Amino acid sequence: MVCAQSEIHEVTVSQAAEVLGVSVDTIRRWNKLGLIKARRSENNHRLFNLEELEKLQRKISGFSSENHYRVLKAERRSKHTCIDLFAGAGGTALGFHNAGLNHIMLVEQDRDAVRTLTQNMPNWEVVQSDIRSVDFRGIRADVVEAGFPCQAFSYAGHKRGFEDARGTLFYEFARAVRDIRPAIAVGENVRGLLAHDGGRTLNTMIRILRELGYRVSYKLLRAQYHDVPQKRERLIILAIREDLQVAALFPKENDYVVSLREALEGCPSSPGFEYTERKRRILELVPPGGYWKDLPDALQREYMGRSYYLGGGKTGMARRLSWDEPSLTLTCNPAQKQTERCHPEETRPLSVREYARIQTFPDEWQFSGSVASQYRQIGNAVPVNLGYHIGRCVVAMLEGRSEDDTMVAEPFFEPLQMLF
């Protein structure tokens, strides 16, 4: 039992497996998924915190009957206004709305996504347009939020400030910030932006926002620790106008995760992709939490083809999810060979509504367009609950509040001239 080892603060992977009553391979997979953390010892062994193991053991063993899955909503609405750019199917927008912010404009180009937004929130002002055609001059809002795609900059004329970003979608975000002058601007992107072009891309973004009169902070958030039943990382950039003298607040991580079992309990039925007969025959042999390496070697070679001989784990291929873990990151197609997301029990891809549950969209949120378009809209969205936690921090900053036990203050960053 765990309590018999209470004097031990850290344990090895084999001890961790014994404590939880699972295999060493399972512990390693959970570590890779981020469900449990580890540090490297001096002799390069992974050591696990016993307290975290105890929490996970209670979760797995069913000692806690509470279902943590819920779509989060604030008890009160704030007075503050928000504009959402690149709104998509509304993951961040709905999260910010649930946190108490009031949208006065959303901009989105995709026709199906616009229909999704308007049918679910008919009071929202949704502009269907290429953002390059939208004039933001004369518009005022407290917050501008944008999930802009990460694009490289040309450095032939670097140090031109705002002009460095011209032609990119970050430029359109910065143009909106320049013209609207919100108290706070929030940018959202993928983890890869941290290292993109050796850090130069992010550095240029910080420099441009500083030149526009904003202090900038950023943090990588892990959705599985923010009430989202999914392993998904998003880089959040906070730009706070210099006259607003508040700390940059980000949500603290929970001490629990939400499992797929919790998320899909009572999930409504809905359409979804289907496997070919060959793929279904292969995936029927994969256990919950397993992937192509759990197949007999002959079937591994048949299914993987030339990929069998390539390096890397290829862990998304022939992947069946596990009931007792958060889902892997959802993609735009749960049946695609490189990124399969097979139901833990039934041999089929996750359905549209199951996708929506994992992204913490409420069951009443309906998606427009073909099944393929609905998968794409959901897969591209920021999880609603992650948006809610970010939105709560934004409201707190606008109200001049300091960090509490659900928020943490992060430092502001100055651009590094040495990168140029």
Side-chain angles (χ1 to χ4, degrees), residues 1-64 68 190-192 194-195 198-199 219-226 228-235 250 252-261 286-297 300 304 307-329 339 344 408 410:
M1 295 293 292
V2 176
C3 57
Q5 306 178 50
S6 59
E7 69 277 5
I8 301 174
H9 299 293
E10 291 184 318
V11 292
T12 64
V13 64
S14 58
Q15 291 172 324
E18 182 179 356
V19 165
L20 294 183
V22 298
S23 69
V24 168
D25 285 342
T26 297
I27 292 292
R28 287 173 176 153
R29 186 176 76 250
W30 286 342
N31 179 225
K32 187 172 184 179
L33 285 172
L35 296 177
I36 48 179
K37 305 168 191 175
R39 72 172 184 87
R40 292 284 182 177
S41 65
E42 292 181 358
N43 55 3
N44 206 32
H45 291 309
R46 276 181 288 191
L47 297 176
F48 297 87
N49 181 280
L50 187 59
E51 184 179 353
E52 286 193 16
L53 289 175
E54 289 173 332
K55 290 176 182 176
L56 189 58
Q57 185 194 45
R58 288 193 292 272
K59 182 89 173 166
I60 293 171
S61 302
F63 298 155
S64 173
H68 285 102
V190 297
R191 178 193 184 102
L194 287 168
K219 187 178 179 67
L220 188 70
L221 299 184
R222 301 184 294 174
Q224 69 265 33
Y225 295 109
H226 298 288
V228 178
Q230 180 186 180
K231 181 181 182 289
R232 193 181 190 101
E233 296 180 323
R234 307 307 291 180
L235 179 66
F250 292 86
K252 280 185 180 178
E253 292 189 345
N254 296 326
D255 62 358
Y256 61 86
V257 295
V258 182
S259 69
L260 196 60
R261 187 186 305 276
V286 178
Y291 65 122
W292 66 275
K293 282 193 174 182
D294 293 295
L295 297 167
D297 187 66
Q300 289 183 26
M304 300 295 289
S307 296
Y308 178 87
Y309 302 97
L310 300 177
K314 303 176 284 290
T315 56
M317 301 181 75
R319 167 66 76 175
R320 186 187 287 273
L321 300 175
S322 170
W323 279 126
D324 297 318
E325 303 169 5
S327 169
L328 298 181
T329 302
T339 55
V408 60
E410 296 291 341

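As the structure is a prediction and not an experimental result, all values here were calculated from the model.
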With sequence neighbours left out, the residues meeting salt bridge (charged side-chain N to carboxylate O under 4.0 Å, His left out) with Glu410 are Lys219

Over all heavy atoms of both residues, which pair between Leu260 and Ser322 is shortest? Give the atoms and the distance, please.
CB-O, 3.6 Å

Can you tell me if Arg319 uses its side chain to pair, donor with acceptor, with the backbone of Gly289 under 3.5 Å?
yes

Can you name the closest pair of heavy atoms from Ser41 and Leu47 and give their distance?
CB-CD1, 3.7 Å

So do the side chains of Leu295 and Val286 get within less than 4.5 Å of each other, counting heavy atoms only?
yes

Which atoms form the tightest heavy-atom contact between Leu235 and Val190, and what is the distance?
CB-O, 3.8 Å

Determine whether Thr12 and His45 make a side-chain contact, defined as any pair of heavy atoms from C-beta on separated by less than 4.5 Å.
no

Residues two or more places apart in sequence or in another chain: which of them pass salt bridge (charged side-chain N to carboxylate O under 4.0 Å, His left out) with Arg39?
Glu10

Which residue is it: Gln230, Glu253, Glu233? I am looking for the one with a side chain to side chain donor-acceptor pair (under 3.5 Å) to Arg222.
Glu253

Using salt bridge (charged side-chain N to carboxylate O under 4.0 Å, His left out) as the criterion, list what pairs up with Asp294, not counting sequence neighbours.
none

How close do Ser259 and Trp323 get, counting heavy atoms only, and between which atoms?
CB-O, 3.4 Å

Does CZ in Arg46 sit with more than 12 non-hydrogen atoms of other residues, nucleotides or ligands closer than 6.0 Å?
yes

If you take all heavy atoms of Pro344 and Arg320, which pair is closest and at what distance?
O-CD, 3.4 Å

Side chains of Leu220 and Phe250, heavy atoms from C-beta outward: is any pair under 4.5 Å?
no

I need the minimum non-hydrogen distance between Tyr308 and Gln300, along with the two atoms involved.
CE1-OE1, 3.5 Å

Ile27 side chain near Phe48 side chain, heavy-atom distance below 4.5 Å:
yes

Any donor-acceptor pair under 3.5 Å from Thr329 side chain to Lys231 backbone:
yes

